[in-house]
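Per chain, numbering begins at 1; letters A, B, ... match sequence-line order.
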Number of protein chains: 2
Amino acid sequence: MTTKESKLYSISELAHEFGISTRTIRYYEEVGLINSHREKETLPRTYTSRDRTRLKLALRGKRFGFSLAEIKEMLDLYDVDPTEKEQLRRTIELGDKRIAEIDEMIKELEETKQEMLEFRQKFMEMLKEKEGTS
Amino acid sequence: MTTKESKLYSISELAHEFGISTRTIRYYEEVGLINSHREKETLPRTYTSRDRTRLKLALRGKRFGFSLAEIKEMLDLYDVDPTEKEQLRRTIELGDKRIAEIDEMIKELEETKQEMLEFRQKFMEMLKEKEGTS
DNA sequence: AATTAAGTTTACGTTAACGTAAAGGTGATG
DNA sequence: CATCACCTTTACGTTAACGTAAACTTAATT
């Protein structure tokens, strides 16, 4: 029985998959946002699917305008030590705050969408009024 | 009958209301994101409620990680000339794209929330298992 | 009349998040 | 064995989005 040997990714594979540069990936490692695993200290980085997932989540955070520091804090929530009750509690608490934030964001987005749809409606009517004018 | 004379805001009023600096507001004007109205070219800026709304929308865009340039482009959609059919069409088209983007964001946020709730559940169980351990 | 509060412009400083270039190591391939 | 292709580190450059400071004006108070 070999020790769980799932697929490993190279840095350029991930870069290509997510449409980012290898520099970006190295930078994320530099600031502690993600990890890499290397055989011999000196040579090529390799990434597990867990690393890949973390990167994916990080990029999601970016798309929503979070700073790398904020993202790191959020991702580190998933890596809490399950034997430490106090840590667990703090994690849950912080997580709840984030969830509330997400709810707020969803609400705001839906409002925005609604407003845009109303404008769309107005513009469509304006267009109709000018029908045939070329 | 006086010409529509609704409330005017000063720069520090708006800054305070939205929790930003006056510098930020001037900067937004500098890059054409918002406008101000002044009596005599030289003296204090004053803002209509329309200006205020535009600023509010801009800040909303910021919270979602859009750049000021992107925000400007989006806000300018609202200021289209209604007599220009082609412009109207382009505006509607671009607006539709933004609406689709918003839908995508909402979807992603809901996924994220779901995942976080699942983690929360797991952590709660871990906590329960350790019940009484202090 | 002098101080205070709020505004102005100009201009240089700062930070996050990378881009980019230089100089070099490895392993596969024609 | 030379040339890719891909990786590495180090380090300086760049841009957006303001912060901050200086020097000044104007209106209202003391």
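Under the 3.5 Å distance criterion, with hydrogens and angles disregarded, no donor-acceptor pair is assigned to the side chains of A:T46 and A:R38.
Between A:T22 and A:R26 the shortest side-chain heavy-atom distance falls below 4.5 Å.
Straight-line distance from the CD atom of B:E70 to the P atom of D:dT15: 18 Å, rounded to whole Å. In this structure, B:E30 places its CD atom 16 Å from P of D:dT15, rounding to the nearest Å. B:H16 has its NE2 atom 17 Å from the C1' atom of C:dG7, to the nearest Å. Atom-to-atom, NZ of A:K72 to P of C:dA17 comes out at 13 Å; the value is rounded to the nearest Å. Distance CD1 (B:I25) to P (D:dG19): 11 Å, rounded to an integer number of Å. For A:L43 and D:dC6, the CG to P distance is 16 Å, given to the nearest whole Å. Atom CD of B:E29 is separated from atom P of D:dC18 by 15 Å (rounded to the nearest Å). In this structure, the OH atom of A:Y28 is 11 Å from the C1' atom of C:dA16, given to the nearest Å.
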Using salt bridge (charged side-chain N to carboxylate O under 4.0 Å, His left out), reason through B:E17 and B:K56 one step at a time and then give a plain yes or no. CA-CA 10 Å; B:E17 174 177 1; B:K56 193 177 172 182; over 6 Å; no
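Checking C:dT8, D:dG19, C:dC18 against the side-chain heavy atoms of B:R23 singles out D:dG19 as nearest. Among the nucleotides D:dA17, D:dT9, D:dC7, the one closest to the side chain of A:S10 is D:dC7. Closest contact between the side chain of A:Y27 and the listed nucleotides D:dC7, D:dT26, C:dA17 involves C:dA17.
At a threshold of 4.0 angstrom between heavy atoms, the contacts of B:T22 with the nucleic acid are absent.
Atoms OH and OG1, from A:Y47 and A:T53 in turn, are 14.0 Å apart once rounded to the nearest 0.5 Å.
A sub-4.0 Å separation between OP1 or OP2 of C:dG7 and a side-chain N or O of B:S12 is present. Between C:dT8 and B:R45, a contact under 4.0 Å exists linking OP1 or OP2 to a side-chain N or O. B:K62 has a side-chain polar atom (N or O) that falls below the 4.0 Å cut-off from OP1 or OP2 of D:dC18. Taking side-chain N and O atoms only, B:T24 has a distance below 4.0 Å to OP1 or OP2 of D:dG19.
Remark: B:R52 is positioned above the aromatic ring of B:Y9, its terminal NZ or CZ atom under 6.0 angstrom from the ring centre and at most 45 degrees off the axis.
Taking only distance into account, the side chain of A:R26 never meets the base of D:dT9 through a donor-acceptor pair shorter than 3.5 Å.
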